[in-house]
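Presented below is the structure to which this report refers.
Values below: every heavy atom of this structure, side chains too, minus hydrogens, waters and symmetry copies. Throughout, protein chains are lettered first and strands after them, A, B, ... in sequence-line order, and every chain is numbered starting at 1. Fair warning: this is a prediction, and the values are worked out from it, not measured in the lab.
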Amino acid sequence: MQYWLVKSEPETYSWARLVKEGRTMWDGVRNYQARNNMQQMQPGDMVLFYHSVSEKAIVGIAKVDKAAYPDPTAEEQGKWVVVDLVPYRDFKDPVTLQQVKQDQRLQDIALLRQSRLSVMPLKAEEFDILLALGN
DNA sequence: GCCAACGTTGGC
DNA sequence: GCCAACGTTGGC
């Protein structure tokens, strides 16, 4: 089991919408590093859902439901991939970027180190810490 | 709205 | 292969 974090602007695709729809194909990723991360995802992996830009907080946990397959929305077929995500749990208390920055144990996570990466791995310890913060 | 960080493109 | 120009992301 691996742990991940994905980012989305809530105005583009929100956690609430994922909860409502019950499943989504995580498409549109056009960054090699993010794609490489998605290719490592396996069904059952936990995925923290971060709202960027307007909210800047982790708001819930999704699960990988289907491993990487070709992104049908890509112009260049076979170059990019999607995974299917399903909602798993809400964060009772969204964990803000501020909180992450202030936690000494979380200083190495990609969310801080590589602010533009939209799909990133998390260490199990980091996932546990964030889970505890989010209740 | 601005700008830093970063990725991509294209001329040389 | 280098690097300037440009585009995008995302925090502030």
Side-chain donor-acceptor contact under 3.5 Å, A/Ser54 with A/Glu9: no
Counterpart residues, ring-ring contact (aromatic ring centres under 6.0 Å, His included), relative to A/Phe49 (two or more places apart): A/Trp15, A/Trp26, A/His51
For A/Glu21, salt bridge (charged side-chain N to carboxylate O under 4.0 Å, His left out) partners two or more places apart: A/Arg17
Interatomic distance where CG belongs to A/Leu112 and C1' belongs to C/dC12 [whole Å]: 15 Å
Value in whole Å for how far the C1' atom of C/dG10 lies from OH of A/Tyr50: 8 Å
Lys/Arg-Asp/Glu bridge criterion (N-O < 4.0 Å) met for A/Asp71, A/Arg35: no
Rounded distance in Å - CD (A/Gln33) to C1' (B/dA5): 13 Å
Pair A/Asp108 + A/Arg113: basic N to acidic O under 4.0 Å: yes
Write out a two-atom table: protein N or O, nucleotide N or O from nucleotides 6-9 of chain C, distance below 3.5 Å.
from	atom 1	to	atom 2	distance (Å)
C/dT8	O2	A/Arg116	NH2	3.0

